[in-house]
Amino acid sequence: MKKLLHLLVAGTIAMAAVFSLGGTSPSANKVEDVSMETDAYLLENGFSEAFVEATDGETKQQLYEQNARMAGSMEFPVLKDWADFSGSLTIANIPEPEEPTGGYVTHKRLVFNWQWDTTKSDGKPHDPNGDIVSIEWTSAAGDLHLLPETAQFTLRGDATLVDSNIGKVEHPHPSEPVPPASMSDIVMLTQSGNECITHYVIARKLSYVIRIPEVTPQRFYFGRHWGDYQSDFRQYSGTFSIDVVQVFEKPNRMIFASADYEQV
């Protein structure tokens, strides 16, 4: 049975905002690691703690390197049929110099974050394979075009220990680290650029059909110990983001963006 959740947000070029509701991991053997400096920058420039916690490391690093500023954000409403789903859509301003011709560059990064926690409802895992995430945008001043190379998709989740070499290490020291029974925020899938663009409506919409390769245990090392962890899709989160840009004759005061998550 298909279910569709839709969110619309409007963001101005200024710091204020007006809201309207309408491969594999880079390193398969470690959890995402984002510098404290990057997180601190985002918090100082208007992004919420919830955004910093929910957003994947690659996207946060991009925002940091782009000197991004918060422009607008909106959380998904809590709906009966989506009690185990939460998410938000954020618009970030990317500073650009004035064009030599006197035009004004509008450069935004649109970031769609979501979390799926089936333990809040029936506790049954939901396989996200085939689900569709989309971001759509528009401006009264003209078309905004996406920059395909900036597209980023990341899926993270909790995992349970299914195998290890605990008890097999020679002469283990009492303080030697051992694999925990479970781990959170393990990167299950990350793709960038055209890899995460399944469908594109010119200057209007970007969609990605989630395709996860065969889910096999990931091995993590803890000193001399190792542990294999298997994701079960009971709790996971995702980030889908893209840059859009256009040059206007006058300052463009507002763009509208929306995000969809379609369960199949």
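- Just one residue in the list Tyr208, Trp116, Tyr261 forms a side chain to side chain donor-acceptor pair (under 3.5 Å) with Asp131, and that residue is Tyr261.
- The existence of a salt bridge linking Arg234 and Asp158 is excluded, since no basic side-chain nitrogen approaches an acidic carboxylate oxygen closer than 4.0 Å.
- Counting only N and O atoms by type, the side chains of Asp163 and Gln230 include no donor and acceptor under 3.5 Å apart.
- Residues Gly227 and Leu161 come closest through the heavy atom pair CA-CD1, 3.7 Å.
- In this structure, Ala92 and Leu63 approach most closely via the heavy-atom pair CB-CD2, 3.9 Å.
- Considering OG of Ser164 and OH of Tyr229, their distance stands at 7.5 Å, rounded to 0.5 Å.
- With sequence neighbours excluded, no residue forms a ring pair (Phe, Tyr, Trp, His ring centres under 6.0 Å) with His199.
- Contact detail for Glu37 and Tyr64: the closest heavy-atom pair is OE2-OH, 2.5 Å.
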>> Is there a side chain to side chain donor-acceptor pair (under 3.5 Å) between Thr38 and Gln61? Walk through the geometry before answering.
In response: CA-CA 7 Å; Thr38 299; Gln61 187 64 31; 3.3 Å; yes
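- Residues Thr59 and Gln152 bring no donor and acceptor atom of their side chains to less than 3.5 Å of each other.
- Taking every heavy atom of both residues into account, Thr239 and Thr55 meet most closely at OG1-CA, 3.7 Å.
- Residues Phe240 and Phe112 place their aromatic rings such that the two centres sit no closer than 6.0 Å.
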> Please walk me through it: do Tyr41 and Lys60 pass side chain to side chain contact (heavy atoms under 4.5 Å, CB included)?
Replying inline: CA-CA 10 Å; Tyr41 170 85; Lys60 288 195 290 187; over 6 Å; no
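- Side-chain contact, Ser134 with Asp260: no donor N or O sits under 3.5 Å from an acceptor N or O.
- At a cut-off of 3.5 Å, with distance as the only test, no side-chain donor of Asn93 or Arg69 sits close to an acceptor on the other residue.
- For the residue pair Met183 and Phe222, the shortest heavy atom distance occurs at SD-CZ, 3.9 Å.
- Checking side-chain atoms of Asn129 against main-chain N and O of Ile212 turns up a donor-acceptor pair under 3.5 Å.
- For the side chain to side chain contact (heavy atoms under 4.5 Å, CB included) with Ile91, the qualifying choice from Lys108, Met74, Arg109 is Lys108, the only one to do so.
- Nearest approach of Pro95 to Gln66, heavy atoms of both residues: CD-O, 3.4 Å.
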>> Let's go through Phe153 and Asp56 carefully: what are the C-alpha distance in whole Å and the side-chain angles of both, what is the deciding distance for side chain to side chain contact (heavy atoms under 4.5 Å, CB included) to 0.1 Å, and is it a yes or a no?
In response: CA-CA 9 Å; Phe153 176 87; Asp56 74 288; over 6 Å; no
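- Taking Arg211 as the reference, nothing meets the salt bridge (Lys or Arg N to Asp or Glu O under 4.0 Å) condition, with sequence neighbours excluded.
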Got a list of side-chain donor-acceptor pairs under 3.5 Å for residues 170-181, not counting sequence neighbours?
from   : atom 1 : to     : atom 2 : distance (Å)
His173 : ND1    : Ser175 : N      : 3.0
His173 : ND1    : Ser175 : OG     : 2.7
Glu176 : OE1    : His173 : N      : 3.1
Glu176 : OE1    : Arg224 : NH2    : 3.1
Glu176 : OE2    : Arg224 : NE     : 2.8

